[in-house]
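Here's the structure we're looking at; comments come further down.
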Amino acid sequence: MSSARAMHPLCCIVLDRHSDVGHRCPDPAPAGGDDTEVEQSPNDGEEVAVSGVLYKWTNYGRGWRSRWFSLRRGVLSYSKIRPGDGAPTKEDAAVRIIGDTSTKISSQAAAGKKSSAKSVGIVYLKVSSFRESKSDDRRFYIFSRTKTLHLRTDSEKDRVTWIQALVLARSVYSFRTLSERISSLSNGITFSTDRLRDHMHAEGLREDVIRDCEHIMLSELSEYHRRVKLQYEEHLKFLATVEQHLVYTNTEDEETNRGGHLQLLKTEFSCSGHEKYSEYSTTESSDDVEKQETDDISDDDEPIFFDTNEGFSDKSGSDSCATLTRVRSKNGTGEIIHSKETDCCQDVVSYPERRKKLPEPIEEEKSVGLWSLIKDNVGKDLTRVCLPVYFNEPLSSLQKCFEELEYSHLLDEAYEYGQKGNSLMRVLKVASFAVSAYASSIGRICKPFNPLLGETYEAEFPEKGIRFMSEKVSHHPMLIACHCEGKGWKFWGDSNLTSKFWGQSIQLDPVGILTLEFDDGEIFQWSKVTSTIYNLIFGKLYCEHHGMMNIRGNRMFSSQLRFKEKSLLDRNPRQVVGFVEDANKTKVASLTGKWDDRMYYCKGTDVSNKAALPTEDAYLLWKRSDPPANPTRYNLTSFAITLNELTSELQEKLPPTDSRLRPDQRHLENGEYEKANAEKLRLEQRQRMARKMQETGWKPRWFRREGEDGTYRYIGGYWEAREQKKWHECPNIFGEF
C-alpha cells in the first residue's frame, strides 16, 4: 500500500471569505474521499440572517447616507444603494428584512430582478462591540478593529431589532461552533476495505492473509486518525487563546435592553490600537462619539482584511492605543470619561531588553544578631551607624530616586491634558504621581546603600521616553540631587533624609523640595511625607507613610493630600485622602485611595468621608503594576530589578562614579555576602574623608545650588560627555584610596 498523503492540520476548518452581501462559501469536503459522511453542526440551524436599510454617518460634508446592511454567519456587510442598481435581493426565506423601507426596496429589487450590489464594508462581530445612543432612540454604534460605524434606523423599534440580531449573532457564531463542527467531521469519517479484499482475492491470496492485511491497514488508519484528532485539539486550544486575547468577558454585571429586556453579558473588547468599550451599553458617555468625525474614508474604498497576527498583534497599526477606565462599585458603575493614550508604534523601535530577575546567590546568607546591633545605637542618626551588608538591598539611594519615577506615564498624561486645556485633570494626574512614588515600599525592609560623595547614577529608558541623572552632592548634610526629562516635562529636586532608631521602629524624615515643570510653563512643587518602619524586634516588619503633602501649583489649581497614620483599630491601612482647590480656595475635586494600590478622584465633592474608599462616582487615576514573576528576598518590583543591571555595552558608556560599578553593591546582588561586607567596610572608611573634601572646596560635577539655601539644579553636560566618553573629571571613587 502507498503511504497516506499528509493532511493539513486545519483541513476541516472552514475559512469563509465574504465578498458579496449574503454570500456563503460552501463547506469543503473532508479529506476522506467521496465516501466520507459529514454531519451538519447543530448550530447551523441557529444562524442569524437579517438584512435592511441603515443610515450610516460618513462625514460632515456628506452627512447620513443610506446603505444596505446584511448580517450572515457572524459577519455584517454593507453596500451602497445606487439608482439603477437596487438593493441586494433576498437569497432565501431564512433572511429576515428589518424595517418598512427595507421591505419596500427589497420587493422592488426582486421584482426588477436586479443584481446584488458590491459590498463596500465588512465587520466581524466576534471582535466588535455595540452601543446605543441615549440622546437619540434611533442611533447606535458598532466598534470594530478598523472603524467605528455610526448608524441610524427609521424607528426605535427597528433599532431594538437590529441590536438583538447583532448580539444573538455574536453569541451563536463562536469557537464552540467551530469545535462542534470539527468533532462532527471527525466522527463521520468511515473506511471501506471491499475493493482491497476483492483485489487480493483476485491475486489468489488466502483468506487468513487477507484478514491480517486488513487488520494491519485498519490499525494504521486508526492510529493516523487519532494523531490527526490530537492535532485538531491542539489547534482548537490555540484558537481559544486567540479568542481570549480578542474578547474579555466579565460575568459579574448584566444589563437590560430598554425595549426587549434582553439580558446581556457585560463584555469588554480590548486590542492594540483601539479603546476598551462595553459590548452593549446605554450610558450617556456613549454620546461622546457623536461629537467626533469618524469614518473619513470614503465608501468607495475597498474593504481591508486583516489576519489574526496582522490585525490584533500588539505591534500592528500606527494609531494610538486608548484605554477607557471605569470604576465599579456595589451600587453600579461609573461613566467612562477619559482615556490613556500610548504610542502603538513604540514596539517598532528596538529597545533594550530588561532583565526579569536577579542573579542566583552564590553563598548562603547568614543570620545577624539584630538586638545586639540595635541596643547600642538607639537615638542615633542611621547614616552614622555602620550596619552589616545584610541590612541592605542591592540598590543605592540614587537608584531609589529613579525608582519613584516608575509611573512616569502619569506625567505624560498630565502634559497631554494640559495641552488640551484640561488643567484639572493635569493636577489630578500630578497628585496621583506623587502618591505612586510610595507604592514600591511595600515589603521593602532593607535599606538602600548610602552613596559616596560624588557618586552618580544615570537611567535612560527610551521605552518610557525619559532619561534620568542623579548625584550625591553633599555628605554632611547628606543631599542627593536628581534631574529627569520626559515627554513635555522636567522633574528635579534634592533630598536630605534624616533617620533615627527608636528601639522598635525607625523614623525617616525627608527634607527637600521636588519640582515638576511642564514645557508650557506650569510648575508644581511638593515635599515628601514621613516614613516609619515598625516591629524591628518583635513581629513582622512593615513600613508606613504618614503626614501632609501639599502640591502647590503656580496657576489655577493646587492639591493637598493626607497620608493617614495607621491606628490599632484601623482595618483599612495605607489610606490617602485629599482634594484639589482652585485659586479661590474652592474645592473642585476630591482624591481617595491607598498609596500601595491605586488612587481615585471625584469631581465637585468635598473630602468628608472618613475612609478612603471609592464611591460609584469615582474614577480611576492610577493603579500599581503587577508584582514580578520572580520575586526576590528584597521584595523588589519588576521595575526595581532592572535598575542595577550592568551589561558590557552599558559599562563602556558609564562614568567611574556610577552606582552600578560600586563593588559592595554588586557583590550583594550576586549573593557574595562576605566580599560585599568587606567592600562595604572599606568604602565606608574611605567615605570618612568626604567631610574634609567638602571643607577643602569640593563641588559636585553635574549640579549647582541656586543661592545659599536653594535647590540643586542640573547644569547640563552629562549626556554630551557620555556620548564622547569624556570622564576625566570623574574620579574613581570606588577604587583604593
Side-chain angles (χ1 to χ4, degrees), residues 1-49 72-75 90-95 116 124 126 169 171-243 305 307-309:
M1 293 179 60
S2 60
S3 61
R5 186 174 56 182
M7 183 184 298
H8 192 279
L10 295 178
C11 63
C12 293
I13 298 180
V14 182
L15 299 179
D16 299 325
R17 294 293 187 217
H18 301 266
S19 57
D20 296 327
V21 176
H23 177 67
R24 179 174 181 176
C25 298
D27 294 343
D34 297 335
D35 296 334
T36 303
E37 299 178 2
V38 180
E39 296 179 4
Q40 186 180 14
S41 172
N43 279 335
D44 290 344
E46 301 176 3
E47 180 182 340
V48 180
R72 295 294 301 269
R73 304 187 68 192
V75 177
K90 182 167 62 176
E91 292 183 6
D92 51 61
V95 178
S116 299
Y124 293 93
K126 191 58 186 175
S171 62
V172 169
Y173 193 76
S174 63
F175 282 95
R176 181 173 60 86
T177 305
L178 180 62
S179 176
E180 292 175 353
R181 180 173 297 177
I182 290 180
S183 177
S184 65
L185 287 173
S186 61
N187 294 333
I189 297 177
T190 59
F191 303 96
S192 175
T193 60
D194 293 340
R195 294 176 59 189
L196 178 63
R197 292 178 60 87
D198 293 342
H199 179 71
M200 297 177 74
H201 275 298
E203 293 293 329
L205 297 179
R206 300 193 311 271
E207 181 66 25
D208 57 340
V209 175
I210 294 176
R211 283 197 301 270
D212 291 341
C213 293
E214 185 180 25
H215 177 72
I216 292 173
M217 184 199 70
L218 291 176
S219 299
E220 292 294 328
L221 286 176
S222 177
E223 176 63 19
Y224 176 72
H225 178 263
R226 186 186 66 83
R227 293 180 180 179
V228 171
K229 186 176 181 180
L230 289 176
Q231 289 185 350
Y232 292 158
E233 293 174 353
E234 290 297 325
H235 285 286
L236 283 176
K237 292 178 181 179
F238 168 74
L239 293 175
T241 59
V242 173
E243 181 189 19
F305 296 91
D307 290 333
T308 301
N309 291 336

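Side chains included, hydrogens not; waters and symmetry mates left out as well; all remaining heavy atoms used. Each residue takes its place number in the sequence, starting with 1.
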- Item | Residues forming a side-chain hydrogen bond (donor to acceptor under 3.5 Å, both in side chains) with Arg211, sequence neighbours excluded |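 Per chain and number, Arg211 pairs via side-chain hydrogen bond (donor to acceptor under 3.5 Å, both in side chains) with no residue.
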Please list every donor-acceptor pair under 3.5 Å in which a side-chain atom of residues 195-204 meets a protein atom from a residue at least two apart or in another chain.
| residue | atom | partner | partner atom | Å |
| --- | --- | --- | --- | --- |
| Arg197 | NH1 | Glu214 | OE1 | 3.0 |
| Arg197 | NH2 | Glu207 | OE2 | 2.8 |
| His201 | NE2 | Glu207 | OE1 | 3.3 |

- Shortest non-hydrogen separation from Leu205 to Ile210 and the atoms involved: O-CD1, 3.8 Å
- Message: Determine whether a donor-acceptor pair (N or O, by modelled atom type, separation under 3.5 Å) exists between the side chain of Ser219 and the backbone of His215.
- Response: yes
